[in-house]
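Letters A, B, ... mirror the listed sequences (proteins, then strands); counts begin at 1.
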Number of protein chains: 2
Amino acid sequence: MDIKSKNLETKHNKNNAFDNFFKSAFTVDNIIFGFDEADLKVLLIKRGEVPYENQWALPGNFVYQDEDLNTAAKRVLAELTGVKNVHLEQVKTFGSVGRHPFGRVITVAYYSLIKISDYHLHVSSIAQEAAWHSISEVKGMPFDHDEIFVACFNRLKLNIKRQPIGFELLPPKFTLTQLQHLYEAILEEKLDKRNFRKKILSMDFLIDLDELQEGVAHRPAKLFKFDKERYRRLYEEEGFHFDVAPTKHKKK
Amino acid sequence: MDIKSKNLETKHNKNNAFDNFFKSAFTVDNIIFGFDEADLKVLLIKRGEVPYENQWALPGNFVYQDEDLNTAAKRVLAELTGVKNVHLEQVKTFGSVGRHPFGRVITVAYYSLIKISDYHLHVSSIAQEAAWHSISEVKGMPFDHDEIFVACFNRLKLNIKRQPIGFELLPPKFTLTQLQHLYEAILEEKLDKRNFRKKILSMDFLIDLDELQEGVAHRPAKLFKFDKERYRRLYEEEGFHFDVAPTKHKKK
DNA sequence: TTAACAAAGTGTAAGAAATACACTAATTAG
DNA sequence: CTAATTAGTGTATTTCTTACACTTTGTTAA
């Protein structure tokens, strides 16, 4: 079974591979997750360009020729949202031939997490508008953006169980209930309050600030913060496993 | 903090994004894992082209302009090794500006698993040679291939704990010891024999064939096969968790 | 001032899973 | 028939996960 692909030989039997330029648009798309007490949100822009002008889509942009992928993702994110220094993870590359109606576009999808309250949204010239959308409303985006979203959301669901990334979405001081709601929003499952608390506290990287929530019309909750240093010391080597079963209450 | 990036506007304020071609080479690289009773191996080719002519490197190749990424990865794999219909997973895209001395090359890394004994290696014109290398010997590859290898190997380590992919590396009939050695090779940890067997058998997707190993100079082991159907029925929804602690024997 | 409301906070028993650990059984080779 | 080699097996202990409901603390409004 010897290899005799003409294509292969045509493409490769040259000393300089750069005789063959791959002409296409190369982009990054970002899924930017935010959280606002109750709902997990995604930052979308209203496109100001064809194709799909006026539709809500993922904020993405071209990669420059002399720019690393991660740099491009960070730059695009910063340009479109003003957000810098965030956790940014490459998830998957989408390159189907037909994914863009104007030609071949290959895009590397990244996701990041930001505190909604830390940033004001700024609209760049390529977009008409930028806004947070509840994750339940993001179906029907142009291109294969729905698929990209699902891939990134699934990655987030995986990562939340091994890495302390949830705290990126909350204010520096937060209550355990806020944290639980965040986990529930990401995992799309209700969790048992006592089990959640037992587990998360047993990990020993939350610090009880001995402060109370203010301005709520009920018993105020204690505030906690995430101790990055302690996390590193305890889990840098091994990682952790956050596994709390979804509630199955009321099965009598 | 309004967005005023010149670059952004230059690149984007045109109705057709394809005024801007991204000129670069676009490739896929494959990490092909194999296993031969004792060692986990990776399939490398000896490059027949500059740069790095004569060095062992990952088998990779150009993506055609009208070809999906997955298709390209499968084609390249088939062309270079004759292997078809394998589990193929996209791992990560590498696109550092300086990763190829001749210019910008962006590569999507895939890994796959094959049974070494099922395939004979065939050398294509772009390579001088193709051969299996023990994973301990693959350091020092050209480009950023070491980094690509590590990324794929880590992904494999993750996946082996959630998916029944190990069986792709073994003959259809195998012994539990072979399977354990495979897990140990991938995880780079010794496992306790009894715990390993208890766990893997409790998953209930191995079928005892009531046959014995032949041609060994010791007590022959029973042969098992993997039951894909049963696996699907039991785990399709939820996935599984294979977690067997590494042996910590002799801590007296 | 007090009653109604809302969410915070808390403990335990039962079951499941993970771990540590060492000897006997079956076969071949010499 | 003995030595060598690997296969095969069970249990007690510990750790983790799960299920589950009432009391506490504060605010608001009558």
Ring geometry between A:H145 and A:F143 (parallel below 30°, tilted from 30 to 60°, perpendicular above 60°): tilted

Within this structure, what is the CG-NZ distance for the pair A:D36 and A:K41, rounded to the nearest 0.5 Å? 4.5 Å

Under the side-chain hydrogen bond (donor to acceptor under 3.5 Å, both in side chains) rule, what pairs show up with a residue in residues 148-160 of chain A, not counting sequence neighbours? A:E89-A:R155, A:E89-A:N159, A:Y111-A:N159, A:K157-A:E188

Separation of atom NZ in B:K199 from atom C1' in C:dA16, rounded to whole Å: 10 Å

Roughly how many Å is it from CG in A:L191 to P in D:dA19, rounded to a whole number? 12 Å

Integer-rounded Å distance: D:dC16 P and A:I200 CD1: 15 Å

Rounded to the nearest angstrom, tell me the gap between atom CZ in A:F240 and atom P in D:dT17. 13 Å

Distance, rounded to the nearest Å, where A:D208 contributes CG and C:dA8 contributes C1': 13 Å

Ion pair B:K139/B:D146, N-O distance below 4.0 Å: no

Would you please name every residue forming a ring-ring contact (aromatic ring centres under 6.0 Å, His included) with A:F149, sequence neighbours left out? A:F153

So the salt bridge (Lys or Arg N to Asp or Glu O under 4.0 Å) pairs with at least one residue in residues 161-176 of chain B (sequence neighbours excluded) are B:K161-B:D243, B:K173-B:E211

Round to a whole Å and report the spacing from CZ of A:F196 to P of D:dT17. 14 Å

For every nucleotide of nucleotides 2-12 of chain D, 5' to 3': is a protein heavy atom under 4.0 Å from its base (B), only from its sugar-phosphate (S), or from neither (-)? ---BBBBBBB-

Just how far, in rounded Å, is C1' of D:dC16 from CZ of A:F242? 14 Å

Those residues at least two apart in sequence (or on a different chain) that pass ring-ring contact (aromatic ring centres under 6.0 Å, His included) with A:Y119 are none

Which pairs, protein N/O on one side and nucleotides 1-4 of chain C N/O on the other, fall under 3.5 Å?
none

Candidate list B:F174, B:F224, B:Y183, B:F35, test ring pair (Phe, Tyr, Trp, His ring centres under 6.0 Å), partner B:F167, passing option: B:F174

Could you tell me the separation between the NE2 atom of B:H241 and the C1' atom of D:dC16, rounded to a whole number of Å? 14 Å

Assign the ring pair A:F205 / A:Y231 to parallel, tilted or perpendicular, where the plane angle (0 to 90°) is split at 30° and 60°. perpendicular

